[in-house]
Amino acid sequence: MNLAGLGIPVTVLSGYLGAGKTTLVNHLLRNADGQKLAVLVNEFGALPIDKDLIEAADDEVISIAGGCICCSFGSDLSAALSQLSAMNQPIDHILIEASGVARPEAIMWSVGLVSGVLPDGIVILADAETIQKAARDKYMSDTILAQLQAADLLILNKIDLVTEEEVRVTSSWLALQNENAPIIPITYGKVERDIVLGHCVQRIYAKGAHQDAAGPSTLTLLPKHNIDVLELAQTLAKDYPNIARAKGFATNKSGEKILIQVVGSRYSTSIVSKELPDGIVCLGLGETLRKRHFKRLLHLLKI
Amino acid sequence: MNLAGLGIPVTVLSGYLGAGKTTLVNHLLRNADGQKLAVLVNEFGALPIDKDLIEAADDEVISIAGGCICCSFGSDLSAALSQLSAMNQPIDHILIEASGVARPEAIMWSVGLVSGVLPDGIVILADAETIQKAARDKYMSDTILAQLQAADLLILNKIDLVTEEEVRVTSSWLALQNENAPIIPITYGKVERDIVLGHCVQRIYAKGAHQDAAGPSTLTLLPKHNIDVLELAQTLAKDYPNIARAKGFATNKSGEKILIQVVGSRYSTSIVSKELPDGIVCLGLGETLRKRHFKRLLHLLKI
Amino acid sequence: MGKIRIFSAKKIITMNPNQPETTHVAVREGRILSTGTLEELAIWDDYTLDETFHNKILIPGLVEGHAHVMAGALWRHVYCGYFDRADPDGNMWQGSKTIADVIELLQVAESKLKYPALPLAGWQFDPIYMDNQRVTRSDLDQVSATRPVGVLHASGHILNVNSKALELADLLRPGINHPGIPLDKDGLPTGELYGPDAIGPVSKYVGFDRASMEGDADALRAFGKICVRSGVTTITDLAARITEESVDKMLEVTEHPTFPARIVPLRIFMGASAKDTIDLVLSLKERSTDQLRLGRIKAVADGSIQGFSARMRWPGYFNGAPNGLWYTLPEQLGELYRLALANGVQVHTHTNGDEATEMALDTLAPALNEVPSVDHRFTLQHCQLADAAQFRRMRNMKMCVNLFANHHFYWGDEHYRLTVGPERARRMNACRTALEMGVPMAIHSDAPITPLAPLFTAWCAVNRLTLSGRVQGDGEKISIQDALYAITLGAAYTLHLDGEIGSVEIGKKADFAVLEQDPIDIGGANIKDIEIWGTVQGGRVFQAKKL
Amino acid sequence: MGKIRIFSAKKIITMNPNQPETTHVAVREGRILSTGTLEELAIWDDYTLDETFHNKILIPGLVEGHAHVMAGALWRHVYCGYFDRADPDGNMWQGSKTIADVIELLQVAESKLKYPALPLAGWQFDPIYMDNQRVTRSDLDQVSATRPVGVLHASGHILNVNSKALELADLLRPGINHPGIPLDKDGLPTGELYGPDAIGPVSKYVGFDRASMEGDADALRAFGKICVRSGVTTITDLAARITEESVDKMLEVTEHPTFPARIVPLRIFMGASAKDTIDLVLSLKERSTDQLRLGRIKAVADGSIQGFSARMRWPGYFNGAPNGLWYTLPEQLGELYRLALANGVQVHTHTNGDEATEMALDTLAPALNEVPSVDHRFTLQHCQLADAAQFRRMRNMKMCVNLFANHHFYWGDEHYRLTVGPERARRMNACRTALEMGVPMAIHSDAPITPLAPLFTAWCAVNRLTLSGRVQGDGEKISIQDALYAITLGAAYTLHLDGEIGSVEIGKKADFAVLEQDPIDIGGANIKDIEIWGTVQGGRVFQAKKL
């Protein structure tokens, strides 16, 4: 979603071999719900797209049902991103599936250098059954720990394979490795699309503030005045660990329209030139998000 | 059968790898006929007890249907035997299944040092098809020949796999290796329990002197006077190669009650303190044992 | 059947112990028909006697087991190195000793460019020898404010660019947030780009396009010329991104009657699955010719030591830098090894740090147990920090090693004081240990990382001198004979080519390096100074001066 | 990151050819951070200079590749050996030169025992040096008539007991019929018990219980102390009956901060199937720590030469004794080898006689063909009578050997005149042949069979002197350097540990033997007399005197 001309949001997905990246990517493609996704892979292994999703494939680009595509960036990520942003086909989101040896933050730095795209967040996947053993691996230990530390969101996959107690223990251990990133427990790679890709903001326009029946717990904040946008973004990112994502617009005290993006504990703000209604959609983890949990926030927003 | 308080009889069963020891052990366990057997194994390989026979197993002892048990003696045979003889469970007979590298006579010497048990006989198994080749093996030749030489009874297994002529040739060859031990040809490890374990003596009381319909050819000698028991034992062991076993009681010239045991060419006599009726059961090989074959014996016994 | 041509020489060093030295070699159909005295050779058939080399020394054509076609490609740009160097056409370029020299050199080059939009690039710049002075975009703006200008450092890990280049890459703006792109006080990038991630988006604007970095037809031709000047007749292109299409071009160039080198490109394992890579090289292998030997794979385990991206075992980098980067997952490498062994494809693996070497050994061992191979010659490339225990494992696994002997000279002092410290600096590229442990060994230049010059590489292995003149690792010095072996038969062995090249023997390719001095007589201290007249390759004579 | 401690020494012999000798070694986190001059080491970081060893010689911590924890356990009993020996606590025990000495020694020990039922045991008794005088129960009844008394011979194959011990074992009765239990004129056993079958039923009554024979926590601690006194920092327990449970205890002892040795227990292949044994060691391997290295198996093919239970090829024993005993069937050994190779588990195999060695080779060869393994390092232990042809087979199969060098001294004369005769006695433990045939080699003590003292073992291999002072097998002598290699890197190699220990090199464990004299300077004839100050193990200093 090339929001307000700021560039296509780019999410970096990583995690060690076997964490379930491919399953998760296919889940997102199957549940794109009209969003046009582009998946960029730097693959050493098999193609990470389920065969039944593939509509056509040439050497460079694989077309996927629903207008999504997949291509390999080889060693030149910048070029691949530039090409994507310049494509005729409108693309809502780019997902970079990084290899197991990747330093996701380095990839995100590179994304930051390319015009037409916008760093969104780093999502790291871990297998509930194997992550702690993998993180002790003779060779891959520091690489895996660095990936966990780079995460804005940590997705704990395959929790059905372990006991609840083990999920708790592993989650605590993950929190020790990265105290800022929300931890999202899932099975079979089935994560809410909105949590990974953050396409929640259009709900503001579609339905207004409400709670979806399905999907993650959602809360839409509708500021009624010009506010301190930076403080709002910081507060959402740092003080509300049960908010996985937040995205939307607000008007700052100088009257400028600002895009707020929060992914876990990472936030960014950008001045937007378009005229858009104010409203920030928050996606919660675990318990339902309720306004009473957000007293300080509401005070800030003067709602 | 802890006969007359003399200790549990112990049979050592050996033979090279593949001779059929395991099949024979399982056959004996399946046909224990109320006898409580204990099998001691020093196994390197798989457990030699058929799964359907196993009732329970802990680290030390495997319980087998019919009150039998199996345990491993590791490197301390004396301790294992002492433990068995001191068990609450009454045990009628102990069968030591020795490994293919064992010197069975050395095992029997060790048995002889343990109180509460009584050396019975050494039974060596040979495969009619392979024994002569095995006895030429580069490494195992002398070990196998020594085992054959140590035998009190030689069981020639799997005779169904060779011709009658070959059985004769192999039997002659076996007789050259050990001129004293009776040779018992069988198939599928199906040897008469009485021949291996010698539990024939109770027949004296059960049925008197008679010929069983099934089972090995039997003859019961009923001395009517005090006799030279040692001479009787020697004669049964050395002069009647078609007597595989003999066991029973007689009263010597000094009026002492003596237990006679003959296994092939091995014999032993022990003074017994209990009062028991005289009678010796002989188990024959091949043709039916008939009194007319025993002229010198009958003369000796003054029957 | 072609005619016989007998070359006479002052001395022919054959590397064949049956006849270590001789004076004549007969050549027919590009191959050595026989060696010996003229009398012995004359009895074969009619011949022409060629006395061109009557006062020269012939040795087997040198084999460079680790180089890149990029060594040819870079000469289309301005040479900014510290040392004097001859270009493929034999023009001598004086070394630039100061930043001002470099700027001036670029200004002169700029003045010769025709179109204003053309980029200008320099390479082999090495401010290590200039007190590590920094160069910013304002320095390069002196060369041109209108065309993009970039200067690549000798390490290949730093690129300096001018303002125009940044502007074209849309990086001349505030808000850049990248650790490899330092910002000036004004919030704009300084023009220094550190590391491939930062270099990548800009390099193409200054002229370092794909052809520059990986080679094209012109680059290949230039590469061939460099070979002649360095006595090389067979050379690898060790990390080629070969495709079915690019092979057409390579075949065209290498089959040309004047192309003077046998090229052995190894397809890099990157960006494609193990299976696809194996399938590709198996199909390429079929298209091999005498002059283009396809069908091998190069894998990369880690980065470089001087770039602090090599994977190190305890205690890690001497200066406390964090451990380096894996470039390939052990699982992926293992899959490649198994499939390659099963398909009879050879894999060379780049390992620099000793942890990367350990990982490669730990990965190959089970693959070999699963898919035994009696003569695979899987080779570790660089393998600079291997210790004796690792060489023992290599021997047991029948692996080969190609050590980076030139590193002592160019970075030995840096390794001593910065990257690995004295003890490991002394054991780096442990040629003697490799030989004593029984590991078949070659030595290499990694051209263009260091200049292609096997006799210089031999000198490095024999003397182990650093640039500052210290002997580093006396115990790892090898003899001249061992060094000559390493740059001929040793390197040929790592490519399964020792039956075809590497010695002057009947039936082998007629490949010779033609020298003005005898490498044995001249002594270990002077091997690097031997003048190279040119080569004979496949029986064709190539004089360096006349290229 | 821990602090750096730099040890200075008069000389450090590193076994690293790059830097064979140096004076300083820096240690951090229990590992060698670097070796070299103080100037070179000082640049790493802040450090403490430790000059404890300024006048000592440091060599790599010695590695004993074949010993048993029992060497520690036996010291809880009375030392009755012929030679003076220090116990784990450093008390010197004078050798007993006569039977009377032994009786007196036992009487003194008896007088100190508290409870009348307590048994009394002696060990290392060796009447070979006392004209082979026999000792009967009446002799030992002089020590005590009321408590059981037993004396185990140095060979471990004979036990003398008193009447009380026989009585407790229910053997003081007529009618005993056992070839290992001679009877007196009165028809009762003499108290001499020959061979394990005869010793077995009695040993536990005199105090040689399982803990004595196989080791427990106390034995392990004593074992550690003996290591320090002999310069050993890594040692095997070569036939351990390890279980999941006993490992808990071993971990507790070895993880204690004052425990001074790295223990490598090899689970014996006995009493469990090959599969169960492999499963056990695979599970144990996961529990390995720095100080306790689990996951290896020891198999036993035959008995001992001096016990005439080793399996000999033609012409058999010199004195005509019948051939010895197999302890494991070839089929069972073959199954173990195949499964072990398939699971990456290392197997060491005890072979003494040359027929046992042949059987092990004949068994491993098809297993390796079936389950190839590029670097298995399966090792033959003792392997005392192997000839050159067998060593060639070992080399071809990439096996290692650990030879029993001490045997020359202790039993060499017996072997010469009794067991194998002059020619085979000269080739026993053929160290030189092993090295010349290219078989990686270690040498060992088999402690407690002979005392743990690798420098003595080295002396044996260098000099090949028998107790009577004859050189036996001049052609099998090796150099001091080769002997030092065998007791450091050589032994480490047989355990796949040469990458971690065995030389003083960066990254390896900070394991040193601290010597008062230089083994090179002192000369081959005197290596055994070097005084051992103690060890450094994992960076921790252990002075023998202060244990």
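What you are looking at is a predicted structure, and each value in this text was computed from that prediction instead of being measured. The basis for the numbers below is simple: all heavy atoms, side chains too, and nothing from hydrogens, waters or symmetry mates. Protein chains get the first letters and strands the later ones, always in sequence-line order, with residue 1 at the start of each.
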Task: D:Glu500, part contacting chain C, at a heavy-atom distance under 4.5 Å - done: neither
Open item on the list: Within the supplied structure, the quantity of interest is the number of heavy atoms (other residues, nucleotides, ligands) at a distance under 6.0 Å from C:Lys477 NZ; does it exceed 12?
Closed with: yes
Task: Pairwise distance CG(C:Asn396) to NE2(D:His376) - rounded to 0.5 angstrom - done: 8.5 Å
TODO: Could you tell me the separation between the CG atom of C:Leu368 and the OG atom of D:Ser373, rounded to the nearest 0.5 Å?
DONE: 10.0 Å
- [ ] Flag the one option from C:Gly473, C:Pro366, C:Pro372 with the top tally of heavy-atom pairs under 4.5 Å to chain D.
- [x]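 Looking at each of C:Gly473, C:Pro366, C:Pro372 in turn, C:Pro372 comes out on top.
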TODO: For each of C:Arg392, C:Arg393, C:Gln390, tally heavy-atom pairs with chain D at distances under 4.5 Å, and name the one with the top tally.
DONE: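 Result: the option with the highest number of such pairs is C:Arg392.
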Who wins among [options] for the most heavy-atom pairs under 4.5 Å with chain C?
{"options": "D:Lys398, D:Glu40, D:Arg31", "answer": "D:Arg31"}
{"options": "D:Leu489, D:Ile506, D:Leu41, D:Asp375", "answer": "D:Ile506"}
{"options": "D:Thr22, D:Asn16, D:Ile32", "answer": "D:Ile32"}

Residue by residue, scan [range] and write down, ordered by number, those that have a heavy-atom distance under 4.5 Å to chain D; if none do, write 'none'.
{"range": "residues 313-325 of chain C", "answer": "C:Trp314, C:Pro315, C:Tyr317, C:Phe318"}
{"range": "residues 417-431 of chain C", "answer": "C:Val420, C:Pro422, C:Glu423, C:Arg424, C:Arg426, C:Arg427"}
{"range": "residues 337-359 of chain C", "answer": "none"}
{"range": "residues 400-408 of chain C", "answer": "none"}

Task: C:Asp474 side chain vs D:Asn18 backbone, donor-acceptor pair below 3.5 Å - done: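 Pair absent, no side-chain N/O of C:Asp474 close to backbone of D:Asn18.
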Task: 4.5 Å side-chain heavy-atom contact, C:Asn369 and D:Val374 - done: yes
Task: For the student: nearest non-hydrogen atoms of D:Gly499 and C:Ala389, plus distance - done: CA-CB, 3.5 Å
